Chemist: 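Sharing a structure, written as structure tokens. Questions coming.
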Number of protein chains: 2
Amino acid sequence: MKHMKDVYGKETSATHGSYLTLRKMILSGELPPGQKLKIEQLRGLLNTGASPVREALSLLTSDMLVERIDQRGFRAAPVGKANFEEILLLRCSLEETALQASITNADALWEERIVLCHHHMKKAMKAGTANFEDTHKNFHMALLSNSKLPVLERYCSQLYDLNIRYRNLAADGPRYQERSIQTEHQNILDAALDRDAIRATVFLIDHYRKTGEYLGRQIKN
Amino acid sequence: MKHMKDVYGKETSATHGSYLTLRKMILSGELPPGQKLKIEQLRGLLNTGASPVREALSLLTSDMLVERIDQRGFRAAPVGKANFEEILLLRCSLEETALQASITNADALWEERIVLCHHHMKKAMKAGTANFEDTHKNFHMALLSNSKLPVLERYCSQLYDLNIRYRNLAADGPRYQERSIQTEHQNILDAALDRDAIRATVFLIDHYRKTGEYLGRQIKN
DNA sequence: TTGTCAACAAATATCGATTTTTTTGGAGGC
DNA sequence: GCCTCCAAAAAAATCGATATTTGTTGACAA
């Protein structure tokens, strides 16, 4: 395979394409935690050579989605309650910092951005389309996107994905959207638009804690 | 080169060896910020093939020491005042969390560990040996090593390295150790041993702020 | 002079094959 | 029966070569 088209039809390198595919498979649980990731096997799955696969796995290592064992290959990162709770803790702490910085730098462009992302998310939720998860992440990242702290935003994005992975792994439990997530999102958005940093972060963190409490109960380890 | 020996004489893969070498070169400033990192050129420098070099560069990407430009290769990560200040801010915030957690979990083993690391650091400083930087990092990481929050510790380690890079890049300024760093370290250690989380974090953050203030003045951008 | 475009040069990305290392599965000794 | 050691198989790591992309130069036309 010389070229590859990603989900949006744009051309990407074999490495980047493999990265995106594997990432999605790990986040969705299709590649379960701890699973050995053999190059040869993935090579077949992805229709590509060993080099792009190795490089994609290397990149996933930095996202903490893949573990590399020296000279012994790669495996999907293991999961556990302690890990889940650390992620929740860090998310609350880091996103609080990021959201407050974002609000401090608030401007019209950012406001429009978060309003739009919120709209797209609501629409996707109502339609029940498959890309709801993407719009949900977009909304949350948009909230932080005005912080002018790119490293922090990167960490938040990483942790968001790790959290989503746990949600997907626990997907069989009782329906999770029973809580009125829509209201919670609306509250965060309104507080952000009011430039009320305190209220916005309280809503945001509460949003995470509630989700965390729900998911935490489902994880064995 | 089939085998490679790292600094401690242990056998490592070509990839890992290349990773360590390149990392050191970027942190020390030998490979200056923004510099194009051509595979062929590094291949010669490291006496190895293209694959290990590429993989090492991929790994360095996750440490934010190397930037990858799609289809256009790699370059040493650029630097700037905004980046420096973000790193300082995040370090203060994350290390505060980590140190407090470490102290909360304090036990005899941890105490021994930090006392030992501190001793090694003092010894290396007095002797003026080249490995002072390593012992310094070891001491700071040992302080956080009892947090039971591995992801947080990983972030702290990353940010520590990024900060060291700035220190090395500004190395030509007036002697930086004029401040009594020894006292500052002693204060942090003593407070940690007293299990006084508040006092320890105040000393620690003050330590970073002072260093940051000094270094910040040296960075142009 | 300036802008465009083709041919060339350089560098990246990828492939297929080879070399090393780890793992597996017994055979033989205790 | 259980451990140790050795060969065979599997997998990972690495290499050398090829294909693809990007960057550059200079001729030619507007």
Side-chain angles (χ1 to χ4, degrees), chain A residues 1-6 8-23 25-26 31-62 65-78, chain B residues 1-6 8-23 25-26 31-62 65-78:
Chain A
M1 171 197 300
K2 303 307 149 53
H3 297 290
M4 176 154 187
K5 301 203 171 209
D6 69 14
Y8 308 104
K10 283 195 297 187
E11 303 247 335
T12 45
S13 61
T15 296
H16 193 235
S18 303
Y19 169 78
L20 291 176
T21 305
L22 290 174
R23 188 159 169 279
M25 289 177 77
I26 293 171
L31 288 173
Q35 171 144 130
K36 188 84 214 300
L37 302 173
K38 296 181 196 171
I39 307 288
E40 201 55 28
Q41 160 196 321
L42 298 177
R43 225 189 58 78
L45 181 71
L46 299 162
N47 284 312
T48 188
S51 316
V53 172
R54 284 186 68 77
E55 220 168 302
L57 289 170
S58 278
L59 292 171
L60 287 165
T61 294
S62 42
L65 290 172
V66 164
E67 268 190 2
R68 145 176 246 155
I69 315 130
D70 188 57
Q71 225 88 20
R72 221 162 302 174
F74 302 87
R75 69 181 55 210
Chain B
M1 172 197 300
K2 302 304 149 54
H3 296 290
M4 177 155 186
K5 303 204 168 205
D6 68 15
Y8 309 104
K10 283 195 299 187
E11 303 247 334
T12 45
S13 62
T15 296
H16 192 236
S18 302
Y19 170 76
L20 291 176
T21 305
L22 289 175
R23 188 159 168 280
M25 288 178 77
I26 293 172
L31 287 173
Q35 172 143 132
K36 188 86 213 300
L37 302 173
K38 296 182 195 169
I39 308 289
E40 202 55 28
Q41 160 196 322
L42 297 178
R43 225 188 59 77
L45 180 71
L46 299 162
N47 284 313
T48 188
S51 315
V53 172
R54 283 187 69 79
E55 220 167 302
L57 290 170
S58 278
L59 291 171
L60 287 165
T61 293
S62 41
L65 291 171
V66 163
E67 267 189 3
R68 143 176 250 156
I69 317 129
D70 188 57
Q71 225 90 22
R72 219 162 303 173
F74 301 86
R75 69 182 55 209

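Every chain is numbered from 1 and lettered A, B, ... according to where its sequence line falls, protein lines coming before strand lines. Computed from a prediction, not measured in an experiment: that's the story for all the values here.
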Chemist: Could you please name the option among dA13(D), dT12(C), dA13(C) that lies closest to any side-chain atom of Phe74(B)?
Modeler: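 The closest nucleotide is dA13(C).
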
Chemist: Go nucleotide by nucleotide along DNA chain C from the 5' end; which of Ser51(B) and Leu37(B) gets its closest nucleotide reached first?
Modeler: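 By nearest-heavy-atom nucleotide position, the 5'-most residue is Leu37(B).
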
Chemist: Looking at residues at least two apart in the chain, or sitting in another chain, which of them share a side chain to side chain contact (heavy atoms under 4.5 Å, CB included) with Ala50(A)?
Modeler: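 In terms of side chain to side chain contact (heavy atoms under 4.5 Å, CB included), with neighbours along the sequence ignored, Ala50(A) is linked to Ile39(A), Arg43(A).
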
Chemist: Specify the separation, in whole Å, of atom NZ of Lys38(B) and atom C1' of dA10(C).
Modeler: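 Taking NZ of Lys38(B) and C1' of dA10(C), I get 8 Å after rounding.
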
Chemist: Sequence neighbours excluded, which residues qualify as side chain to side chain contact (heavy atoms under 4.5 Å, CB included) partners of Thr61(A)?
Modeler: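 With neighbours one apart ignored, the set is Val66(A), Arg68(A), Phe74(A).
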
Chemist: Roughly how many Å is it from CZ in Arg43(B) to C1' in dA13(C), rounded to a whole number?
Modeler: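 My rounded result for the distance is 15 Å.
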
Chemist: Of all residues at least two apart in sequence or in a different chain, which pass the side chain to side chain contact (heavy atoms under 4.5 Å, CB included) check with Gln41(B)?
Modeler: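 Applying side chain to side chain contact (heavy atoms under 4.5 Å, CB included) to Gln41(B) gives Gln35(B), Lys38(B).
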
Chemist: In whole Å, I'd like the distance from the CG atom of Asp70(B) to the C1' atom of dT20(D).
Modeler: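 Taking atom C1' of dT20(D) as the reference, CG of Asp70(B) is at 13 Å.
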
Chemist: Testing the basics here: between Ala56(B) and Thr15(B), what is the closest heavy-atom pair and its distance to 0.1 Å?
Modeler: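 Smallest heavy-atom distance, with atoms named: CB-O, 3.9 Å.
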
Chemist: With sequence neighbours left out, what residues match Arg75(B) under side chain to side chain contact (heavy atoms under 4.5 Å, CB included)?
Modeler: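 With sequence neighbours excluded, Arg75(B) shows a side chain to side chain contact (heavy atoms under 4.5 Å, CB included) to Lys36(B), Glu67(B), Ile69(B), given in chain and number order.
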
Chemist: Looking at Lys36(A), I'd like to know whether one of its side-chain N or O atoms comes within less than 4.0 Å of OP1 or OP2 on dA12(D).
Modeler: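 Lys36(A) to dA12(D) OP1/OP2: side-chain N or O found under 4.0 Å.
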
Chemist: Is Thr48(B) close enough to dT14(D) that one of its side-chain N or O atoms is under 4.0 Å from OP1 or OP2 there?
Modeler: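 So the side chain of Thr48(B) is outside the cut-off, no N or O lying under 4.0 Å from OP1 or OP2 of dT14(D).
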
Chemist: Closest to the Gln71(B) side chain: dT12(C), dT21(D), dA13(D)?
Modeler: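 Selected nucleotide: dT21(D).
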
Chemist: With sequence neighbours left out, write down each residue that passes salt bridge (charged side-chain N to carboxylate O under 4.0 Å, His left out) with Arg23(B), or none if nothing qualifies.
Modeler: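 Partners of Arg23(B) under the salt bridge (charged side-chain N to carboxylate O under 4.0 Å, His left out) test: Asp161(B).
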
Chemist: Give the intermediate values and the outcome of side-chain contact (heavy atoms from CB on, under 4.5 Å) for residues Leu22(A) and Leu46(A).
Modeler: CA-CA 9 Å; Leu22(A) 290 174; Leu46(A) 299 162; 4.1 Å; yes

Chemist: Can you measure Glu55(B) atom CD to dA13(D) atom C1' for me and round it to whole angstrom units?
Modeler: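 Rounded to whole Å, this separation is 8 Å.
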
Chemist: Specify the separation, in whole Å, of atom CG of Leu57(B) and atom P of dA13(C).
Modeler: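 In whole Å, dA13(C) P lies 10 Å from Leu57(B) CG.
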
Chemist: Could you state the OH-P distance from Tyr19(A) to dA13(C), rounded to the nearest angstrom?
Modeler: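 So the OH-P distance, Tyr19(A) to dA13(C), works out to 16 Å.
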
Chemist: If you only use heavy atoms from C-beta on, which nucleotide in dA13(C), dA11(D), dG16(C) is closest to the side chain of Arg54(B)?
Modeler: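 It is dA13(C).
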
Chemist: Check the distance between dA13(C)'s P and Ile69(B)'s CD1 and give it to me in whole angstrom.
Modeler: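 Result: 9 Å.
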
Chemist: Could you give the NE2-to-C1' distance, from His16(A) to dT21(D), as a whole number of Å?
Modeler: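 Result: 17 Å.
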
Chemist: Could I get a table of every N or O pair under 3.5 Å where one atom is in the protein and the other is in nucleotides 23-25 of chain D?
Modeler:
none

